[in-house]
**Student:** 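Structure incoming, see below.
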Amino acid sequence: MNRYDQAATLRAKMEKRQRVLPMVYSQKAKTLAVISGKGGVGKSNITLNMALALQDKGKKVLLIDLDIGMGNIDILMGNLSSSTIIDVLTDRKPLMQLLSVGPKGLRYISGGTGLDVIFQLDQRKWAFFANELSHALSQFDYVLFDMGAGLSKDQLPFILSAEDILIITTPEPTAIMDAYSAVKHLVLTENKLSMRVAVNRCRDQKEGLDAFTRLSRTIHMFLDVQVQFAGSVSDDPIVSKAVVEQVPFFIKSPQAKASRSVRLLADALFEREETRHKVEKQTFIEKLSSFLMRRA
Ligand SMILES: Nc1ncnc2c1ncn2[C@@H]1O[C@H](COP(=O)(O)OP(=O)(O)OP(=O)(O)O)[C@@H](O)[C@H]1O
Ligand SMILES: [Mg+2]
């Protein structure tokens, strides 16, 4: 195939994908991708417990575990789910029917393995997946994505399509450095992102704010980008106890320091939603489609 044939094939592929974007459902959900540079800094615990805190405020929340191959949200809840998002991608099963139900009725789905099939979907499968995800985005107030550590290529389109990105770090210099590298990677791919930072495992508020200041100054100095402070989460022994018992700490001990911290994180998200004007021009699905097309 010569260069002109290749360009024509690519154009046809893109036009087809644009045509099959679902038009039926309008997006209600706010989307948030929770990421980190370094592993083990508390993404899954924060995402799960923040989802429960949002539910406590009467919001409908869907949690999607996109830590492909390493997902553990169901283990943190003491549940085992057999269906994954890959079933929607490959077997064309309806997403809303595959959702598992966790404690307090929390809806969630695991990532499974092999998300990179999303780059090779034929038109029918892509249309089906986009339609299913779009349906879910019309049914929930929040869709939270728990991502794996670092930024793998199959997760990147989902992260970049989210309305907000929450970067989790701890106060340790190694975690801060890795958070900086993750932000750099994101910014080099897309420069209009809404990014916030939560500092986990803090002794007190000041430790969190100091760590955030170090990170945000470095990001501003070298990348010329602003990130917002989402809050600090206390270092609290209840977290590992809850992990061992497979009960989310927000349920096990709602007044523990860590639970109060995630409630404040959820509050920040909630208040922002109330005050924010509708500025999003593209839906999650539209963005996902265009990021996937860039890689076509
Ligand atoms: N606020 C906290 N206080 C005390 N311990 C914590 C806190 N947050 C996390 N931990 C500890 O860190 C461990 C890892 O947390 P978690 O699984 O949420 O991290 P992660 O970022 O999702 O990891 P991965 O990168 O592997 O997905 C927990 O099992 C717990 O022992
Ligand atoms: Mg995790």
Side-chain angles (χ1 to χ4, degrees), residues 32-53 63-79 81 84-85 102-103 106 108-113 115 144-152 154-156 158-159 162 165-172 174-183 185 196-209 211-212 215 230-266:
L32 178 79
V34 182
I35 71 159
S36 71
K38 192 170 185 288
V41 291
K43 291 177 297 300
S44 301
N45 273 281
I46 289 179
T47 315
L48 168 61
N49 289 281
M50 203 169 62
L52 291 164
L63 182 48
I64 302 185
D65 185 349
L66 279 189
D67 189 353
I68 301 304
M70 310 279 271
N72 53 15
I73 283 285
D74 48 359
I75 299 170
L76 293 178
M77 290 190 272
N79 268 19
S81 52
T84 72
I85 199 108
L106 178 68
Y108 73 95
I109 185 152
S110 304
T113 47
L115 185 64
L144 308 186
F145 295 93
D146 176 27
M147 313 303 296
L151 303 167
S152 68
D154 47 358
Q155 295 183 34
L156 210 52
F158 288 87
I159 298 171
I165 298 170
L166 181 63
I167 301 141
I168 310 291
T169 181
T170 65
E172 290 178 353
T174 43
I176 293 177
M177 197 54 225
D178 290 354
Y180 168 78
S181 302
V183 170
H185 190 89
R196 289 186 292 161
V197 176
V199 185
N200 190 20
R201 310 202 66 166
C202 299
R203 276 191 308 266
D204 51 35
Q205 283 286 333
K206 186 177 175 305
E207 189 180 30
L209 199 53
F212 168 74
L215 175 60
S232 319
V233 178
S234 303
D235 188 57
D236 188 339
I238 193 74
V239 179
S240 52
K241 280 190 198 137
V243 172
V244 171
E245 286 177 31
Q246 295 185 264
V247 178
F249 60 80
F250 192 81
I251 292 179
K252 181 178 159 60
S253 192
Q255 294 311 322
K257 282 195 287 180
S259 303
R260 291 205 300 268
S261 309
V262 293
R263 196 177 286 116
L264 288 176
L265 274 188

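All heavy atoms count here, side chains included; hydrogens, waters and symmetry mates do not. In this chain, numbering begins with 1 at the start of the sequence shown. In each ligand, atom 1 is the first atom listed, and ligand 1 is the first ligand listed. Worth saying up front: this structure is predicted, and the values here are computed from it rather than measured.
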**Student:** Verify, without hydrogens or angle tests, whether Arg196 (side chain) and Leu166 (backbone) share a donor-acceptor contact under 3.5 angstrom.
**Tutor:**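 Not at all, since once roles are kept as given, no pair shorter than 3.5 Å links the two residues.
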
**Student:** Tell me, do Tyr108 and Asn79 make a side-chain contact under 4.5 Å, heavy atoms counted?
**Tutor:** yes

**Student:** With sequence neighbours excluded, what pairs up with Phe158 under the ring-ring contact (aromatic ring centres under 6.0 Å, His included) test?
**Tutor:**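 Residues passing ring-ring contact (aromatic ring centres under 6.0 Å, His included) with Phe158: none at all.
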
**Student:** Please check this pair: side chain of Thr170 against backbone of Ala175, looking for a donor-acceptor N/O pair closer than 3.5 Å.
**Tutor:**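 No; zero donor-acceptor contacts below 3.5 Å.
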
**Student:** Starting from the Mg ion (ligand 2), count all protein N, O or S atoms within a radius below 2.8 Å.
**Tutor:**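 Excluding waters, the total comes to 1.
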
**Student:** For the backbone of Glu172 and the side chain of Arg201, can you confirm whether one donor and one acceptor N or O come within less than 3.5 Å of each other?
**Tutor:** no

**Student:** Search all heavy atoms of Met77 against all heavy atoms of Gly102 and return the closest pair with its distance.
**Tutor:** SD-CA, 4.0 Å

**Student:** Is there a donor-acceptor pair under 3.5 Å between the side chain of Ser253 and the backbone N or O of Phe249?
**Tutor:** no

**Student:** Report yes or no: does Gln155 contribute a side-chain atom to a donor-acceptor pair with the main-chain N or O of Met147 at less than 3.5 Å?
**Tutor:** no

**Student:** Using side chain to side chain donor-acceptor pair (under 3.5 Å) as the criterion, list what pairs up with Asp67, not counting sequence neighbours.
**Tutor:** none

**Student:** For ligand 1, give me the residues whose heavy-atom distance to it is below 4.0 Å, by chain and number please.
**Tutor:**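 Within the 4.0 Å shell of ligand 1, which is judged on heavy atoms, sit Gly39, Gly40, Val41, Gly42, Lys43, Ser44, Asn45, Asp67, Ala149, Asn200, Arg201, Ser234, Asp235, Asp236, Val239, Ser240, Val243.
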
